[in-house]
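What follows is one structure encoded as structure tokens, with my remarks underneath.
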Amino acid sequence: MSSYTLRNQIPLAIASLILVIVFAEYFLAMPKAVSDFISGLQKWTVILSAFAMVLSLLSVTRIHVPRVMKTGANMSDRALSAWLLVIMVITILVGIGFDTPSAQYQFIFRNLFSPLSSGVWAIMAFYYCGAILRSFRARSLEATVLVVAGFLVVTRNTPVISAIIPWWESLGTWIMNVPGVSGMRGLVIGVGVGVVAMGIRMLLQMERRPITGEA
Amino acid sequence: MTEKSEKQDLTTRLERLDARYVYLFFAALLIIPIVVPFGLPILVTSPTRDFYDYVEKNVGKGDRVLIWGTMTTGWWPTEYRPSIVAVSQHLFNRGAKLYYISDGAEDPLLVDTVFGMIDKGPAKYGVDYVSLGYYAGGEVALSAFAKDVYSLVKTDYYGTPVDQLPMMKEVKTAKDFKFVMHVTGSPAEWLLRQYKTPYGIDCGWVGSSGMVGIYMPYYASRQVVGFVCGLRGGAEYETLMKRPGIGLASTDAMSAGHLYFALIMIFANIVYYIGRKERKKQ
Amino acid sequence: MLQSGRILQFVYLIVAFAAVVVLFELQKKRGFLPKMRRLAALDAIEEVVGRATEMGRPIHVSPGTPSLGESIEVETIAGLAVTGYVAKLCARYGVRCIATAFLPEMLPIVQEVVRQAYIAEAKPDAYKEEDVRYLTDQLDAYATAVQGIVERENCVGNIVVGRLYGVSFMIFARAAIGGKTMNIGGTAYYLNVPHLVATCDYVLIGEELFAAEAYLTQNPRQLMSLFSQDIFKFVSMGLVVLGTLLFLAGSGAMVTLLKM
Amino acid sequence: MISTDVAIWIQAALILMWLSQLYKQNIFYRFTEYTFIGVAVGHSTVLVYKNVVSMVYTPIVFKADFLLIIPVILGLLIWTRLSPKYGWVSRWPMAVIVGVSAAIAVRGAIKTQIYDQIIATIQLGVVRPDILSNVNNFLIVVTAICTLTYFVYFKEHKGALGTAAKIGRITMMATFGNTIAWAFAGRLNPLIALLQTLLLDWLHLR
């Protein structure tokens, strides 16, 4: 077999074939053994992505180890990269050594991961205020609609306002129930059409990029 | 002349206002009601009421309910915790059998905290409720579970093999469940694609606040029985159950934050409007 | 046999497939090729790369954040078209292109896409593997890390097109408030388009994402496939109008048909 | 009284360092950022390890499910990526991942994203006694169609199509305004929780 076949045609054919199989399982009534095999296929991807994790770990070390080693570089950079690697290794060792429900792992998780994970979402509330200050300006008709709709729904969501002025809530609710619904529907149908067309392009091996990297 | 340029300076300065002032006021405004709450009343919305009514009327003793989690810890404390605790409590009260499972990595730990927060009554682990742990694969895992429970689940979260859990003998596929509920902040359609469409099982969502707009169309077309979203949903559910909890404790701060956000919108546009007028004059 | 309840879904798939094949034939035999309208967000990419060339600063690009375990979603595949295009322009103009991959299984794909872009521009040696990075596959940590890269590497452009979730706001927020970086975002997932509207200079909304490949390559086959999307949008509109009229007249025929 | 729990102190310190980014970039903030990423990568690795044990090791060794050896071999092939010469072999397993996940997304889309939405819109075609809901239903049907016209690529947005697309754009903007409002609510709640940790659990201000 030529190297082009091995490198490009076979992987593309595998993807198309899998597409056909999984489609067939959905649309056609099949014997149980076959549909079992196909649900097994779904599990395969989970296993495959586990193997990809090793590559990712290598990527992380490839970025941070040289940074730690680089003499003469910014001291704080070196220390931070070292800390990242250390805490990563500790988490892995504790997680594998003691298992995840253990008190040791829970300590790391509850006290280091959870507060920062909440922190990301919390800090976004601040940045939302900042971004809205910069971008929410009624420059055009469209932008005006955006601002007015946003304002109506935000005030609708304010528990005090709906308690004091009950009818105000109906304005925001109208935005949610009329343009909120119809705009979503138009968007969703459009995306649905796009997704199916994408699937057909993959069947026809026109979307090669995720497999071969080429357009 | 000088007066005019000073005024212009002010508008330009306001237009380019340092965002840090905005942050500072925001923080101050939230801290006050947290320390000194006012205790204002709230309104119950119809999706929450329908969800409650569904559980109250249709879920009875021994009905099997699947609770699939796709949560993130970041959202957990206010987005999911109030509603999932309230809903779980309600389901426990109704005597349903609860199967907790998830594809979000941290979810089993969160489910543990739910068990710690509710009054389980006579319910026993393995007989009336079970935590099946975490399975990567997102929608794929959801669909695999629907097709064949045992192809995905071999042990529960604590490592007990499933054949030692009495309640696991009752389920083989999605058809064995009365009601499926997805606790999620993002992929709304999974449940419909994998449970509602192929098996016709009643579905409901417990979501983050941002999902209300997304869920609305599906609720409007009656594809789901209802949904309970975010802190406010939790507070509403607590009101319906007449059991005040974490949801109702935070509503005042919520009011303050929302008002501030609305004021910023007005402020940004007033400044922009004046600035534009000034520029036009020139 | 076809499963009941899925018959008309199957019909859709077959008709869509046939339509694409017919359009290909039309294009090949008659040279049929309609003109596509402009998409500002995609035009802006060249502007960003140009600015990066002038300033000698890098660009960050990513095909989005498919949900954990959901693996490579179709949207991400569409987003890869933009990633590839950005990498190609960067290779052409000698701009440093920092690409990040969200899921572990995305890393080999993004590496390959960027590498092929450099090869296509005949500069395989300029490709640096350490500039295609895996950061973490926890959504919130990823958004934080991207923001860190954009700020510390002093990126001119921050281009993230593909599946995006609520955290996507964080990917762009600080850059948008600071005003020094040009943000280009795109996602089909309707929930998160607004986050991009609030923070990005240019946004690819919804289905426009699936037009990226055709628009950027102007490949006739891709264009014809996109043309079929137009046709099916009109078909959907027709179904809505017809169905609603029938429903008004008291007949649920269309609903029954679609549920077949 | 201030808390005496070490865990709460660690959390509070991390939160404060994290919030310091609002003022400006600084070393404390970067410390939290690196901690976060380090723990996140470690956590993902642990979960993947657990998955491999429960989905591969246990079934093969204890249940003799030898079919699972195929994905294991495919998985090992992903590692060829590390070799410049044989890197292309990894395309085979990648093709499996891409194929399965795309197929699952596409096959469900026709129903949930196209037909169900069309059906839901059609079912609004009922004349109700109150005029307002009739008007609303009419608006939903019309603006949904207009939103779709915005996505037409191969016909210039002029004339009737232009008007429809314009209405579609406006509808979408109203939709986005709505979602932004909700998204803000979704960010505000975690912030409230965070402040509660700081003010109530740590400082015991109430």
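Fair warning: this is a prediction, and the values are worked out from it, not measured in the lab. Every chain is numbered from 1 and lettered A, B, ... according to where its sequence line falls, protein lines coming before strand lines.
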Is it the backbone or the side chain of [X] that comes under 4.5 Å from a heavy atom of chain A, or both, or neither?
X: C:Ala81; result: both
X: C:Leu80; result: both
X: C:Ala78; result: both
X: C:Val74; result: both
X: C:Val21; result: neither
X: C:Arg174; result: side chain
X: C:Leu135; result: backbone

[Y] and [X], any side-chain heavy atoms less than 4.5 Å apart:
X: A:Val193; Y: C:Tyr12; result: yes
X: C:Met237; Y: A:Ile189; result: no
X: C:Gln222; Y: A:Glu207; result: yes
X: C:Phe24; Y: A:Leu204; result: yes
X: A:Leu28; Y: C:Gln3; result: no
X: C:Tyr134; Y: A:Leu58; result: no
X: A:Trp121; Y: C:Met170; result: no

To the nearest 0.5 Å, what is the distance between [atom1] ([X]) and [atom2] ([Y])?
X: A:Tyr127; Y: C:Phe172; atom1: OH; atom2: CZ; value: 15.5 Å
X: C:Glu105; Y: A:Leu48; atom1: CD; atom2: CG; value: 8.5 Å
X: C:Asp137; Y: A:Ser56; atom1: CG; atom2: OG; value: 7.5 Å
X: A:Met198; Y: C:Ile77; atom1: CE; atom2: CD1; value: 5.5 Å
X: A:Met206; Y: C:Asn219; atom1: CE; atom2: CG; value: 6.5 Å
X: C:Glu129; Y: A:Ile63; atom1: CD; atom2: CD1; value: 10.5 Å

Inset, instruction - Quickly, which of A:Val120, A:Ile123, A:Leu116 forms a side-chain contact (heavy atoms from CB on, under 4.5 Å) with C:Thr144? Name it, please. - result: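 Exactly one candidate clears the test, A:Val120.
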Legend entry - Stepwise side chain to side chain contact (heavy atoms under 4.5 Å, CB included) check, A:Leu187 with C:Ile205: CA-CA 9 Å; A:Leu187 272 159; C:Ile205 297 170; 3.7 Å; yes
Inset, instruction - Determine whether more than 12 heavy atoms belonging to other residues, nucleotides or ligands lie under 6.0 Å from atom CZ of C:Arg152. - result: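 Atom CZ in C:Arg152 is packed in, count exceeds 12.
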Inset, instruction - State whether C:Glu213 and A:Arg201 are salt-bridged, where the test is any N-O pair (Lys NZ or Arg NE/NH1/NH2 against Asp/Glu carboxylate O) under 4.0 Å. - result: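 Salt bridge: no.
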Highest number of heavy-atom pairs under 4.5 Å with chain C: which of [options]?
options: A:Val196, A:Leu133, A:Ile200; result: A:Ile200
options: A:Met202, A:Arg134, A:Met124; result: A:Met124
options: A:Val54, A:Ile132, A:Val195; result: A:Val195

Inset, instruction - Classify the ring geometry between A:Tyr128 and C:His195 as parallel (under 30°), tilted (30 to 60°) or perpendicular (over 60°). - result: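 Aromatic pair A:Tyr128/C:His195 classed perpendicular.
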If you take all heavy atoms of [X] and [Y], which pair is closest and at what distance?
X: C:Pro104; Y: A:Ser49; answer: CB-O, 4.2 Å
X: C:Gln229; Y: A:Gly194; answer: NE2-CA, 3.5 Å
X: C:Ala198; Y: A:Ala131; answer: O-CB, 4.1 Å
X: A:Val191; Y: C:Ala188; answer: CG2-O, 3.6 Å

Inset, instruction - Pick one of side chain, backbone, both or neither for A:Phe23, based on which atoms fall under 4.5 Å of a heavy atom in chain C. - result: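 Just its side chain gets close to chain C.
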Legend entry - Pick from C:Phe169, C:Tyr85, C:Phe10 with the largest number of heavy-atom pairs that fall under 4.5 Å of chain A: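 Going by pairs under 4.5 Å, I would pick C:Phe169.
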Inset, instruction - Using modelled atom types only, decide if a donor and an acceptor are shared between the side chain of A:Ser59 and the backbone of C:Arg133 within a distance under 3.5 Å. - result: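 No, the answer is negative, given that no donor and acceptor are paired below the 3.5 Å cut-off.
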Legend entry - Residues A:Tyr26 and C:Gln9: side-chain donor-acceptor under 3.5 angstrom: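 Short answer, yes.
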